[in-house]
Amino acid sequence: TKDDQISSKKTEPDWSVILVGALTPDGHVYVLDFWRGKVKFTDAVGKLISMIATYRPEFVTVEEVAAQKGINDLIEPSINCAMLRLPRNSDKFIRAIEQQPVVEQGRFHLPGVIGEDLPEPRFVPIFTEMTEFPFSKNDDATDAAVDMMKQVNANSNLKPLMNVPLYADPTLVSTHFSEPIKGEFDG
């Protein structure tokens with residue numbers, strides 16, 4: 001989850017984002033669930049713990065920046081999976097460019113409207129952010145998607161993010177997902 005409100009002087013919280021995905025044996029990334037909200041830290045943590053209980057992932061990735069380090073220390077004992085802490089050693093534009101081939105090769109998929117080349121309505125914020133990046137109003141969902149792509153590609157020996165039987169049969173995947181996002185991150 002991404003929660004910048006603790007270290008910010010803003011009166012309104014920043015977006016918190018939780019993205020759940022699965023990896024097929026041939027290296028495709030499928031987004032299964034997505035949540036984002038401008039909520040208090042405790043509400044974001046509650047949502048994260050609830051989604052972990054629902055999906056039982058192998059691991060969770062979290063930003064490891066500033067106040068987030070302490071937050072991660074508080075969350076980690078409450079989750080029943082590995083926590084991969086991601087330092088922010090490079091600019092988000094550079095991180096996105098590094099994962100651009102995943103998108104260009106058609107290996108990143110959002111749930112789609114059957115018969116249309118559009119994401120399901122609740123996944124539109126991810127699609128919009130990624131196709132407008134780096135000029136989009138928000139980039140928190142793009143950050144989460146880039147983090148997901150990096151982990152599955154950097155750790156080819158990792159088990160899938162989720163064990164979802166649906167994805168064992170490629171014909172089921174094609175009926176539940178739109179075509180891959182095409183083009184570059186910068187739209």
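No hydrogens, no waters, no symmetry mates; every other heavy atom, side chains included, goes into these values.
- With contacts defined as side-chain heavy-atom distances shorter than 4.5 Å, the pair V29/R107 does not qualify.
- Taking the six-membered ring where tryptophan is involved, the planes of H109 and Y30 are essentially parallel, since the angle between them stays under 30° and well short of 60°.
- For the pair P125/F34, a side-chain contact is recorded, criterion being any heavy-atom separation below 4.5 Å from C-beta on.
- Atom CE of M149 and atom CD of Q100 lie 10.0 Å apart (nearest 0.5 Å).
- The nearest pair of heavy atoms linking I75 to M83 is CG2-CE, 3.9 Å.
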For this session: Please assess V62 against L84 for the test side-chain contact (heavy atoms from CB on, under 4.5 Å), listing each intermediate value before the final yes or no.
Result: CA-CA 6 Å; V62 294; L84 302 180; over 6 Å; no
Problem set entry | Test side-chain contact (heavy atoms from CB on, under 4.5 Å) applied to F108 and Q99, step by step | CA-CA 10 Å; F108 182 83; Q99 299 311 313; over 6 Å; no
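- In this structure the side chain of V31 reaches within 4.5 angstrom of the side chain of L19, judged on heavy atoms.
- Closest non-hydrogen pair, P77 versus L74, comes out as CD-O, 3.4 Å.
- Nearest heavy atom pair, residue A44 against residue W35, reads CA-CH2, 4.2 Å.
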For this session: Given side-chain contact (heavy atoms from CB on, under 4.5 Å), test M51 with V20 step by step and report yes or no.
Result: CA-CA 8 Å; M51 290 178 82; V20 180; 3.6 Å; yes
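- Counting heavy atoms from C-beta outward, N80 and R56 have side chains that stay 4.5 Å or more apart.
- Residue D91 qualifies as enclosed at atom CG: its count of foreign heavy atoms under 6.0 Å is above 12.
- In this structure, the side-chain hydrogen bond (donor to acceptor under 3.5 Å, both in side chains) partners of R122, at least two apart in sequence or on a different chain, are D33.
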For this session: Please report the C-alpha distance between D140 and D14 in whole Å, then the side-chain angles of each, then the deciding distance to 0.1 Å, and finally whether the side-chain contact (heavy atoms from CB on, under 4.5 Å) criterion is met.
Result: CA-CA 9 Å; D140 304 275; D14 199 359; 4.0 Å; yes
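- Rounded to the nearest 0.5 Å, atoms CG (D73) and CZ (R85) are 4.5 Å apart.
- A donor-acceptor pair is defined here as one N or O able to donate and one able to accept, closer than 3.5 Å; such a pair exists between the side chain of T128 and the backbone of V124.
- Distance CG/L32 to CZ/F123: 8.0 Å, rounded to 0.5 Å.
- In terms of heavy atoms, C81 sits closest to V60 at SG-CG2, 3.4 Å.
- By the 4.5 Å heavy-atom criterion applied to side chains, I18 and K47 are counted as neighbours.
- The line from OG of S16 to NZ of K40 is 13.0 Å long, rounded to the nearest 0.5 Å.
- Residue K69 holds its NZ atom at 12.0 Å from CD of E63, rounded to the nearest 0.5 Å.
- The line from CD of E132 to CE of M130 is 12.5 Å long, rounded to the nearest 0.5 Å.
- Closest approach of P119 and V113 over heavy atoms only: O-CG2, 3.8 Å.
- Under the 3.5 Å distance criterion, the side-chain polar atoms of R36 are left unmatched by any main-chain donor or acceptor of A141.
- By the side chain to side chain contact (heavy atoms under 4.5 Å, CB included) test, L86 is found to be paired with T61, R88, D147, Q151, residues two or more places apart in sequence or in another chain being considered.
- In this structure, A144 and V17 approach most closely via the heavy-atom pair CB-CG1, 3.8 Å.
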